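In each ligand, atom 1 is the first atom listed, and ligand 1 is the first ligand listed. Every heavy atom of this structure was used, including side-chain atoms; hydrogens, water molecules and symmetry mates were not. This is a predicted model, so every value here is computed, not measured. Numbers for residues simply follow the sequence, beginning at 1.
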Amino acid sequence: MNRTAHRGRIAHLLCDPGSTGQAKALAHFEDGCLLVEAGKVVACDHWDKLNPDPGQWQFIEHGTALILPGFVDTHIHFAQTDIIASFGQHLLEWLNDYAFPVEQKIGRDRQYANETAQFFVDELLRNGTTSALVFGTVHKHSIEALFRAALAKNMRLVGGKVLMDRGAPDDLCETVAQGRTDTLKLIHDWQNKGRLGYAITPRFAPTSTWAQLTDAGDMLRQHPDVLMHTHLSENEKEIELVGELFPDCADYLDVYEKAGLLNDRAVFAHCVHLSASEQSRIAAAGASIAFCPTSNLFLGSGLFDLRSARNAKINVGLGTDVGAGSSFSMLSTQAEAYKVGQLQDQALHPVEALYLATLGGAKALHIEAQVGNFETGKEADFVVLDPSASPLLARRAAQSPDINDLLFALGMLGGQAAVKETWLAGHRSYVA
Ligand code: GUN
Ligand code: ZN
């Protein structure tokens, strides 16, 4: 039967809690029903209210588990999977010592690239992540490997090959013309294939010449349906370097702005050290920020000021930024986001955290018409979390007075182990 009625505790965001307040934004059904037909949501409500007919619907009982929309990871590098948790450096040294070597290996060894892409997609699903915005390497075959792996799972994923023409080892640099040819061919071959999307992906200002950045801006103008994905203002030495490399630009964002890379389809990872002016220009453009707390802590980059970004009305999503990020888990990433908030006297409410990890991320990726919550007609991408995944979590969850507290405890204590099942377009794609 192509029609399934999922019964369990269900929560999802109807809208941005920043505009309406947390209570209005969260829909929660203690005994909930998610009706799915042909991979799409038909309805989501109290079980008794929908009262599905067992002759019409196949019942799937999730017991005390919590069903949430699948997580959307707004910034991650698939090629860096194997260097996750590498000791002791800040950004620029870390790139040279760990990131570039593993990206060179992806370039040399296509079998390694394919196997890493396969593992990566499986690892996303193991963590309840159903969509992601992904960096490849400079090599065209890297992102082809990823797209093939995601297409095989019918995953809604956006990615791009990296553009780099300086500031890295020779075998990670291309010419502007080669970067353009490869990018245009990839857009042609993969944009809107299955549930895939393309992102034009200049790594960051220090690894592209002005010629390459403006060429990326030109491609973006020619393809208004693709995203733009890069890094911005992550680390103080990086910002200094950008100032030296682009003396005619007023600040870091101005480099991207002048190159034609700032628009509402741009996603900027990190943004830890933005000025008020940069913040207001990002807001005015309707661009999004990928907040990557585990990475920012791991590399010692600094504390992202979420409150001020949200007050400026910037759309923000959460990113793991593996391999500088130290976890694939968007639950653990929510937990670290909370701690980053605590260090700045801005406790991140669990409903807000869930928004960042689902609907906010979907908005950043411009896929909110398809995923991000359980509105009728959206694709049924969801995660089933087990509140008794560990003895400690079970004890803690048993004391939970309400859904806000349960969401918070799952974020703090759950991690990958709490993910029981992950469903893509109504199909069970991972079982613990
Ligand atoms: N800035 C430029 N490249 C990278 C990268 O691979 N990871 C992180 N965290 N920051 C970057
Ligand atoms: Zn990154």
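Under the 6.0 Å cut-off for aromatic ring centres, Y198 and W190 do not qualify, their centroids lying 6.0 Å or more apart. Under the 6.0 Å cut-off for aromatic ring centres, F304 and H270 do not qualify, their centroids lying 6.0 Å or more apart. Between Y252 and F246, the distance from one ring center to the other does not fall under 6.0 angstrom. Ring centroids of F119 and F78 are separated by 6.0 Å or more, keeping the two rings apart.
Ring geometry, H231 versus H77: the interplanar angle falls under 30°, so the pair is classed parallel (tilted spans 30 to 60°).
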Before you tell me yes or no, could you show the steps for L227 and L220 under side-chain contact (heavy atoms from CB on, under 4.5 Å), namely the whole-Å CA-CA distance, both residues' side-chain angles and the distance that decides it to 0.1 Å? CA-CA 8 Å; L227 297 189; L220 195 62; over 6 Å; no
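Legend: residues meeting side-chain hydrogen bond (donor to acceptor under 3.5 Å, both in side chains) with D251, ordered by chain and number and at least two apart, are R281.
Counting only protein N, O or S atoms closer than 2.8 Å to the Zn ion (ligand 2) gives 4.
For D218 and R180, the salt-bridge test passes: some basic side-chain N is under 4.0 Å from an acidic carboxylate O.
For residues 76-99, the set of pairs meeting the salt bridge (charged side-chain N to carboxylate O under 4.0 Å, His left out) definition, not counting sequence neighbours, comprises E93-K237.
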Which protein N or O atoms sit under 3.5 Å from any N or O of ligand 1? Give atom names and distances.
unit_1, atom_1, unit_2, atom_2, d
ligand 1, 3 (N), R203, NE, 2.8
ligand 1, 6 (O), Q80, NE2, 2.9
ligand 1, 6 (O), R203, NH2, 2.7
ligand 1, 9 (N), E234, OE2, 2.9
ligand 1, 9 (N), D321, OD2, 2.7
ligand 1, 10 (N), E234, OE1, 2.7
ligand 1, 10 (N), E234, OE2, 3.4

